[in-house]
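See structure below.
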Amino acid sequence: VQGSSLIIPGLRKHPGYAALGYERAIAVMPHVGRILERHFDLPVTVIPPSIAPYFFDGPMAPARELQIALYPKPMSEDQANLEWLLKRGLASRRDWRLVELRGLSHRQVAAVMRQSAFHVNVNCQESFNATVPEAMAAGGISLCYEAYGGQDFLLDGHNAYVFPNHHLYPLVECLFELIDEYAIRSEELAAIRKRGFETAAQYREVRTAQALVDFYGRVLGV
């Protein structure tokens, strides 16, 4: 189970997982595991997701392009308003530019992330919210919504700038403040970038692989 938002729609015509013959569940994040155990009566094993290794490639250089990588979430309620506000605000901040992560391969996204000073994501749906930890792995600084799932790895002002869902104006105001004070807040930003990278490093493929081996070893009794 990658996220909890689709569990109930999927089960609406059924009495529950157990009645369908399920004995256990794999959850990708701790908060999903708690939801399954508390509300759907299944034993759960958390097997963490992983970030593609090429997001970690390259040096963690403090010098970044003056650009913001924007994740375009098509169904997000706040996306259109966010894009309007960013384009309007950047019109008077001509040294900065917006790069939309649209029509790119995953490796191209990683390259943009490694160049960008900031990354913005206003997805409200919980779970891993992958572009946020991907940006952290690439040395970028994320501004995003907590989205409930973020509680598992995000700390506001520590490894990212995190806002409650739909707090769009505070997020945009924070971004423009960081842009306007980019040089004088360089130590703060470097520390957040470093802690973000350390957080993302917990989600490497080797950890996911070992968790899978351990899980299936127990299930199969080997």
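Across all non-hydrogen atoms, the minimal contact from Thr208 to Ser50 is OG1-CB, 3.3 Å. What you find for Gly33 and Ala27 is that their closest heavy atoms are N-CB, 3.6 Å. Counting all heavy atoms, side chain and backbone alike, Ala117 lies closest to Tyr182 at CB-OH, 3.6 Å. Nearest heavy atoms, Arg64 versus Gly140: NH2-N, 3.4 Å. In this structure, Ala110 and Tyr54 approach most closely via the heavy-atom pair CB-CD1, 3.8 Å. For the pair Gly16 and Leu11, the tightest heavy-atom approach, listed with the atom from each and the gap, is C-CD2, 4.1 Å.
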Would you tabulate the side-chain donor-acceptor contacts of residues 162-179 under 3.5 Å, counting partners in other chains and residues two or more places apart, or write 'none'?
unit_1 : atom_1 : unit_2 : atom_2 : d
Asn165 : OD1    : Ala147 : N      : 3.1
Asn165 : ND2    : Cys124 : O      : 3.1
His166 : ND1    : Asp78  : OD2    : 3.2
Glu177 : OE2    : Arg185 : NH1    : 3.0

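Taking the side chain as every heavy atom from C-beta outward, Tyr203 and Phe55 never approach each other to under 4.5 Å. A 4.5 Å side-chain heavy-atom check between Leu154 and Asn159 finds at least one atom pair inside the cut-off. At least one side-chain heavy atom of Leu104 sits under 4.5 Å from a side-chain heavy atom of Val112. Side-chain contact between Leu66 and Arg97 is absent, with no heavy-atom pair separated by less than 4.5 Å. Annotation: side chain of Gln79 is in contact with side chain of Leu70 (closest heavy-atom distance under 4.5 Å). With contacts defined as side-chain heavy-atom distances shorter than 4.5 Å, the pair Arg204/Ile51 does not qualify. A 4.5 Å side-chain heavy-atom check between Met136 and Met113 finds every atom pair outside the cut-off.
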Exercise. Evaluate ring-ring contact (aromatic ring centres under 6.0 Å, His included) for Phe153 paired with Phe128, printing each intermediate quantity in order.
Key: CA-CA 9 Å; Phe153 65 97; Phe128 196 41; 5.4 Å; yes
Practice problem: With side chain to side chain contact (heavy atoms under 4.5 Å, CB included) as the test, would you mind laying out the steps for Ile192 and His158 before giving the verdict? | Solution: CA-CA 6 Å; Ile192 289 179; His158 177 79; over 6 Å; no
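Ion pairing between a basic and an acidic side chain is recognised when a charged N comes within 4.0 Å of a carboxylate O; Arg93 and Asp180 show such pairing.
With rounding to the nearest 0.5 Å, the separation of NZ in Lys194 from CG in Leu189 is 15.0 Å. Expressed to the nearest 0.5 Å, how far CG of Leu36 lies from CD1 of Ile26 amounts to 11.0 Å. Put simply, OG1 on Thr199 and CG on Leu155 are 7.5 Å apart, with the number rounded to the nearest 0.5 Å.
Under the 4.5 Å side-chain heavy-atom criterion for grouping Ile, Leu, Val, Met, Phe, Trp and Tyr, Val1 is not connected to Ile47 through any hydrophobic cluster. The hydrophobic clustering, which links ILVMFWY residues whose side-chain heavy atoms are closer than 4.5 Å, places Val46 and Val213 apart. Residues Tyr148 and Tyr71 do not share a hydrophobic cluster, defined by chaining ILVMFWY side chains whose heavy atoms lie under 4.5 Å apart. Side-chain heavy atoms closer than 4.5 Å link hydrophobic residues (I, L, V, M, F, W, Y) into clusters, and following such links, possibly through other members, connects Leu42 to Leu20. Connection of Phe215 to Val44 is not established within any shared hydrophobic cluster, with ILVMFWY side chains joined at heavy-atom distances below 4.5 Å, either directly or through further cluster members.
Sorted by first and then second residue, the pairs that involve residues 115-126 and meet side chain to side chain donor-acceptor pair (under 3.5 Å), not counting sequence neighbours, are Ser4-Glu126, Ser5-Gln125, His31-Glu126, Gln67-Ser116, His119-Thr131, His119-Ser142, Asn121-Asn129, Asn121-Thr131, Asn123-Asn129. Residue pairs meeting the side chain to side chain donor-acceptor pair (under 3.5 Å) criterion with at least one member in residues 32-41, sequence neighbours excluded, are Arg34-Gln151.
For CD of Glu65, the number of neighbouring non-hydrogen atoms (other residues, nucleotides, ligands) closer than 6.0 Å is greater than 12. Other residues, nucleotides and ligands place no more than 12 heavy atoms under 6.0 Å from the CD1 atom of Ile8.
Arg102 contributes no side-chain N or O that, together with a main-chain N or O of Pro72, makes up a donor-acceptor pair within less than 3.5 Å.
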